[in-house]
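A, B, ... follow the sequence lines: proteins, then strands. Residue 1 opens every chain. Just so it is clear, the structure is predicted and the values come from calculations on it, not from any experiment.
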There are 2 protein chains.
Amino acid sequence: MKKQAAQGRDENGRRASAGDRQASLIAAAASLFAAKGFNGTTTKEIAKAVGVSEALVFKYFPTKRTLYAAILAEKVTVNELLDAVEAAVTKRDDHRVFTMIASYRIRPGVDSTFLRLLLFSALEGHELSELFFGKHHKVFYDYLAAYIRTRIEDGAFRSVDPLLAARAFIGMVVHHRLLHEIFGVPMLQSHEATVATYVDLFLAGLTKLPVSRKSSSRRSR
Amino acid sequence: MKKQAAQGRDENGRRASAGDRQASLIAAAASLFAAKGFNGTTTKEIAKAVGVSEALVFKYFPTKRTLYAAILAEKVTVNELLDAVEAAVTKRDDHRVFTMIASYRIRPGVDSTFLRLLLFSALEGHELSELFFGKHHKVFYDYLAAYIRTRIEDGAFRSVDPLLAARAFIGMVVHHRLLHEIFGVPMLQSHEATVATYVDLFLAGLTKLPVSRKSSSRRSR
DNA sequence: TTTAAGTGAGTGAGGACTTACTTACCATGA
DNA sequence: TCATGGTAAGTAAGTCCTCACTCACTTAAA
C-alpha cells in the first residue's frame, strides 16, 4: 500500500525533472525571501511551498545561502529595456526616453518581489547584494547619465552633473514604487499619470530655455 | 572573593539606574536592529553590547518585540525641523524651504540607523512600521505638499498635484541617501552641493515663467 | 531588612542540515 | 517483452545547535 504516494509530484503525477524542481524552488524561495527576508524564511517553508520534503531542498542546494545566491543570479535581466529605448535615444526624443525608463522602473506586477529582494539583500548585507545592485540597478544610472550628457553637449539641457541628474530622476521614480510597494502608501493617480507628471517636472527643470539666457532657475521651452 | 564582580556596572562601578539601563539597551538594540534587522539580531548580542547578562534584558523588556517597539516609540522627533522652516515658509522663500527640507532629510550622522530601521520595519512587516512611517515620514510629504499648494495658489508654481510633487522631491533626496547609506554607492559631491543641484533642478521644473502664460505642459503626450 | 539590580544555568521550541532508507524511471540485454 | 539493476527523485526521522525566554538565586544600596 502506497500510504503517502503522490507527494512530490508535478501536475501530471509524475516525478519532476531536476531542472523543473530547481526552478520552482528558486521561484518559491524568491517570493518567500522577498516577503519575509532571508532570516525570516525557513527552509521548511520553502519546501512546503513547493510541496516537497525539506530534505529535497538540500539535495538541490547544499545550503540555504546557495539557494539565495541562485535567486540573485537568476534575476539578472535588464537589457530588454535598454534596447527598446535605443530608438528614442537616437531621435533625441527626451520625453520618450524618460517616460520609457520611468515606466519600466515603476511598472508593478511580475517582479514586485524584486525591489523587496534588492532591499533585503542590501540591508542584510549579503555579499551578492553588490553584484545584484551593479547588474540590475546601476545600469540605469549609467545609461541615463550618458544620455543626459550628450543632451547637454547638444546644448539642449542645462549644464548639470549628468550622473547626479540621472540619480535624481530615478530617485523620484523608485521612491514612488517604494512608497507604494513597501510602505503601502496609496497611489494618487495611475502609474501612467504619475510618470507623466514626473517626466514633465523633471524635463522642465532640465531643459534649457531656447531664447532667454537667464542663468539660473527657470523652466523650459 | 568576588570572582566576577564588576560586570553590569556603569562607568563609576556602581549599579546603573533603571532608566539608564533602559536607555542604553534601547540604544544598543537600535543600532543592532538597524545593522542586521530584527530577525538577524539576538537578545544575547544586545545584552553583550551593553555589557550585561541576557536575563537582565528581559527584566526590562518582557519580549524582544517590546524592546523593538520601545525603539520606534523613542525615535519620534521631527518637529524641530518644521519649526525651523516656518520662517522661510512665511517669506515664500522657495529655495530656502526646499533646501532646508532636503538638508534635513539628507543629513547623515546621528540617525543613519534611522533609515535602515525604517526600511527593515517596513520590509519585515512589523505592525509598528506604519506608525513609524506616519509619524516620521509622512509629515514631510504633507507639510511640503501644503507649501506647494499655496505657492500654486500664489501663481508662483505651475499647476501640478502638490502631493505628487512633494513626493517627487523627497524621493530624489531620500533615494540619494538610500544609495549612499544602504547600497554604499559613493557620493559624487558634498551633501550641500547635491542638495543645491536637486533644489535647483526641481524648482526650475516647478516654477512658472513670470511672463509667459502658456497654460499646460508643453511637448506633452 | 527590604527591595531593586543583577546573574548562571537552564528549558523547550524551532531551525539548518544529515542519514539511511524507499520508490519510480528507464535503458539494457536475454 | 519483460526481468533487472543503476540511478535519480524522494522521504521520515533524526542531530545538533541557537534562540527567546525563565528560574532560582546572589549582591548592593538605602
*Is NZ or CZ of B:Arg65 both nearer than 6.0 Å to the six-membered ring centre of B:Phe38 and within 45° of the ring axis?*
yes

*Below 6.0 angstrom between ring centroids: does that apply to B:Tyr68 and B:Phe33?*
yes

Measure the distance from [atom1] on [X] to [atom2] on [N] and round it to the nearest whole Å.
| X | N | atom1 | atom2 | result |
| --- | --- | --- | --- | --- |
| A:Leu56 | C:dT19 | CG | C1' | 15 Å |
| B:Tyr68 | D:dC21 | OH | C1' | 20 Å |
| A:Leu67 | C:dC17 | CG | C1' | 14 Å |
| A:Lys44 | C:dA13 | NZ | C1' | 11 Å |
| A:Lys48 | C:dA16 | NZ | P | 14 Å |
| B:Phe33 | D:dC19 | CZ | P | 13 Å |
| A:Glu45 | C:dG14 | CD | P | 12 Å |
| B:Phe38 | D:dC19 | CZ | C1' | 12 Å |

I'd like a list of close polar pairs between nucleotides 13-18 of chain D and the protein, N/O only, cut-off under 3.5 Å.
none

*State, without any angle test, whether B:Glu54 and B:Thr43 hold a side-chain donor-acceptor pair at a distance under 3.5 Å.*
yes

*asked:* Can a side-chain donor-acceptor contact be found between B:Thr66 and B:Thr63 if the only test is distance below 3.5 angstrom?
replied: yes

Check: residues 138-147 of chain A side-chain donor-acceptor pairs under 3.5 Å, at least two apart:
unit_1, atom_1, unit_2, atom_2, d
A:Lys138, NZ, A:Asp142, OD2, 2.8
A:Tyr141, OH, B:His175, NE2, 2.7
A:Tyr143, OH, A:Glu86, OE1, 3.2
A:Tyr147, OH, A:Asp94, OD1, 2.5

*Does a side-chain N or O from B:Thr43 land closer than 4.0 Å to OP1 or OP2 of D:dA20, or not?*
yes

*Is any NZ, NE, NH1 or NH2 atom of the basic residue among B:Glu45 and B:Lys36 found under 4.0 Å from an Asp or Glu carboxylate oxygen of the other?*
yes

*For A:Arg92 and A:Arg151, what are the C-alpha separation, side-chain angles and deciding distance, and is it a side chain to side chain contact (heavy atoms under 4.5 Å, CB included)?*
CA-CA 8 Å; A:Arg92 301 291 200 261; A:Arg151 291 301 279 154; 3.5 Å; yes

*Can you say whether the rings of A:Phe169 and A:Phe202 are parallel (under 30°), tilted (30 to 60°) or perpendicular (over 60°)?*
tilted

*Start with the C-alpha distance between B:Arg167 and A:Met172, add both sets of side-chain angles, then the distance that settles side chain to side chain contact (heavy atoms under 4.5 Å, CB included), and finish with yes or no.*
CA-CA 7 Å; B:Arg167 282 190 193 169; A:Met172 299 197 309; over 6 Å; no

*Identify, residue by residue, the members of residues 57-66 of chain B with a heavy atom below 4.0 Å from DNA chain D, and return them in order of residue number, or none.*
B:Phe58, B:Thr63, B:Lys64

